[in-house]
Number of protein chains: 2
Amino acid sequence: MRMSELSSTTGATVPTLKFYLREQLLHAGERTSPNQAQYDESHVRRVRLVRALLEVGGLSVARAREVVAAVDAGTLPLSSVFGVAQRAVTVPAPLVDDAPTPTEGDRLVAQLCAARGWQVYPNNPGLALAARVLDTYAALGQERLHAVLEPYAEAADLVACADLAAVAAAPDETEMTNVVVVGTVLGDALFAGLRRIAQEAESFRRFPLPEGVPAPGSATTTDEDC
Amino acid sequence: MRMSELSSTTGATVPTLKFYLREQLLHAGERTSPNQAQYDESHVRRVRLVRALLEVGGLSVARAREVVAAVDAGTLPLSSVFGVAQRAVTVPAPLVDDAPTPTEGDRLVAQLCAARGWQVYPNNPGLALAARVLDTYAALGQERLHAVLEPYAEAADLVACADLAAVAAAPDETEMTNVVVVGTVLGDALFAGLRRIAQEAESFRRFPLPEGVPAPGSATTTDEDC
DNA sequence: ATGAGCAGATAGTAGCACTATCGATAGTTC
DNA sequence: GAACTATCGATAGTGCTACTATCTGCTCAT
């Protein structure tokens with residue numbers, strides 16, 4: 001197919017596709033002449049992936065480029081792909097050069113990892129991210145929120161197990177890579193959405209509205225313990 | 001204190017503080033003359049909150065303004081504050097005006113809510129977000145990832161229970177509002193961090209490295225089932 | 001053979017989160 | 001009381017990002 005068909009198939013405008021080509025988010029088509037090229041199904045898939053990463057995953061173009069490069073490499077060890085995907089979705093801390101001393105948050109996270117038997121490389125981006133949030137809680141005088149750490153960790157274990165099970169269910173290495181990338185980047189958004197729903201549902205359970213009929217959404221109010 | 005002291009206390013530059021004042025992220029100080037004002041502890045706390053929302057929570061200035069307005073209102077019903085906080089952290093879908101027809105993702109989410117007894121208003125932003133991600137999985141040919149929905153939902157319940165418990169532990173209504181806002185906005189980041197750690201740990205458990213010593217991070221490898 | 005489509009390149013746009021500067025005034029210090 | 005620094009409000013500018021527009025050749029179907 002040619003560019004205009006790629007455009008109509010994927011919904012991305014022709015200038016946007018050119019932009020993706022320039023930014024190396026999209027591999028070039030097969031040239032049929034100095035100014036003509038053919039695109040195929042792989043380009044359609046790539047454009048869909050890129051748009052999912054950018055729009056749903058909220059990645060920047062630069063991060064998305066790293067992710068598609070990892071997908072293209074194809075033969076990276078699985079842990080490397082995880083690393084790339086994880087780093088792509090993790091907003092970088094603003095580089096404090098003067099204080100690499102461990103904070104209280106670092107200590108809490110290390111303690112949690114030890115308690116749960118989580119063995120990870122010290123450059124795992126989640127370590128710094130979690131520690132940073134805990135430090136921010138403390139800076140805002142919300143140490144009370146440190147109490148969520150344990151249940152959050154339990155939930156993270158559940159989610160990670162599901163993630164890895166999905167990866168293991170993939171038929172081949174290429175598919176595994178795809179599952180890792182898509183699942184890691186979009187999984188954050190999926191979980192965030194479910195958390196919003198569960199929060200509201202739980203909020204109604206704990207603090208019922210006085211008289212108005214609350215949520216006509218679903219079934220009868222269950223009383224599962226929490 | 002005056003602006004320069006507020007600046008040195010919080011780490012935000014004077015121009016940045018002026019910007020926050022203009023953008024109504026920071027309430028004005030008490031005027032002592034036409035061009036002088038005094039700031040107090042409430043301003044320090046506010047600046048810290050704003051910076052946490054912007055830097056750690058990744059909110060835009062506009063979203064952060066909505067959040068601080070909700071905090072200032074102070075007397076909103078809890079569910080409203082949750083709504084504001086949730087909407088603030090949820091990236092809006094790009095407004096498809098032509099197709100409000102329920103997608104497969106909407107159907108899956110509704111089914112999940114019914115199964116779990118989650119009763120929520122249909123405008124809960126999590127509903128659309130989760131459905132959108134599921135549709136994106138399908139568009140990328142990764143329906144296999146739909147299998148994560150159940151464990152994710154279970155994990156979301158855990159997290160939401162912890163969230164609400166933290167809210168309930170707050171001593172008064174003002175504090176509750178703060179916990180909701182801070183917990184909702186930064187909680188996503190905290191969970192994302194823990195998920196990264198758990199993913200890597202689980203990845204090593206499922207796919208052990210051949211010979212190299214993997215993670216010198218923490219304790220001995222546990223074999224808790226997954 | 002002509003008009004639409006395409007490639008590559010350069011330049012422009014809109015939004016965001018600040019940042020710089022200015023003139024007028026206020027407090028502070030010598 | 002003069003010099004100096006700090007502040008206020010306002011306007012304008014900066015650097016970055018994710019596109020978007022336009023231009024110049026070319027090419028290919030009709």
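Residue numbers begin at 1 in each chain, while the letters A, B, ... track the order of the sequences. Computed from a predicted structure; not experimentally measured.
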Map B/Arg22 and A/Arg22 onto DNA chain D by nearest heavy atom, then report which one ends up closer to the 5' terminus. B/Arg22
Does A/Thr13 or A/Thr32 map to a spot on DNA chain D nearer the 5' end, using the closest nucleotide for each? A/Thr13
In whole Å, what is the span from the [atom1] atom of [X] to the [atom2] atom of [N]?
X	N	atom1	atom2	result
A/Gln38	D/dC28	CD	P	10 Å
B/Leu53	C/dC18	CG	C1'	17 Å
A/Leu26	D/dA18	CG	C1'	16 Å
A/Leu17	C/dC6	CG	P	11 Å
A/Glu5	D/dA29	CD	C1'	15 Å
B/Leu59	C/dA17	CG	P	10 Å
A/Glu23	C/dA9	CD	P	13 Å
A/Phe19	C/dG12	CZ	P	17 Å

Parallel, tilted or perpendicular: ring planes of B/Tyr137 versus B/His146, cut at 30 and 60 degrees: tilted
With no hydrogens and no angle check, is any side-chain donor or acceptor of B/Ser7 less than 3.5 Å from a backbone partner on B/Met3? no
Main-chain N/O of A/Gly105 paired with A/Asp135 side-chain donor or acceptor, under 3.5 Å: yes
For [N], does OP1 or OP2 lie under 4.0 Å from any side-chain N or O of [X]?
X	N	answer
B/Tyr39	D/dC8	yes
A/Ser33	C/dC6	no
A/Tyr20	D/dT20	no
B/Arg31	D/dG9	yes

Is there, by distance only and without an angle test, a donor paired with an acceptor across the side chain of B/Asn35 and the base of D/dC8 below 3.5 Å? no
Scan B/Leu21 against the nucleic acid and name what it touches under 4.0 Å (heavy atoms): base, sugar-phosphate only, or nothing. nothing
Counting heavy atoms from C-beta on, name the nucleotide in C/dA7, C/dC18, D/dC8 closest to the side chain of A/Lys18. C/dA7
Given D/dG9, D/dT7, C/dC18, identify the nucleotide with an atom nearest to the side chain of B/Gln36. D/dT7
Working for salt bridge (charged side-chain N to carboxylate O under 4.0 Å, His left out), residues B/Glu5 and B/Arg2: CA-CA 5 Å; B/Glu5 190 179 346; B/Arg2 307 208 296 175; over 6 Å; no
Report the residue (B/Arg51 or B/Arg2) whose heavy-atom-nearest nucleotide on DNA chain C is the more 5′ of the two. B/Arg51
A/Arg196/B/Asp188 ion pair, N-O < 4.0 Å: yes
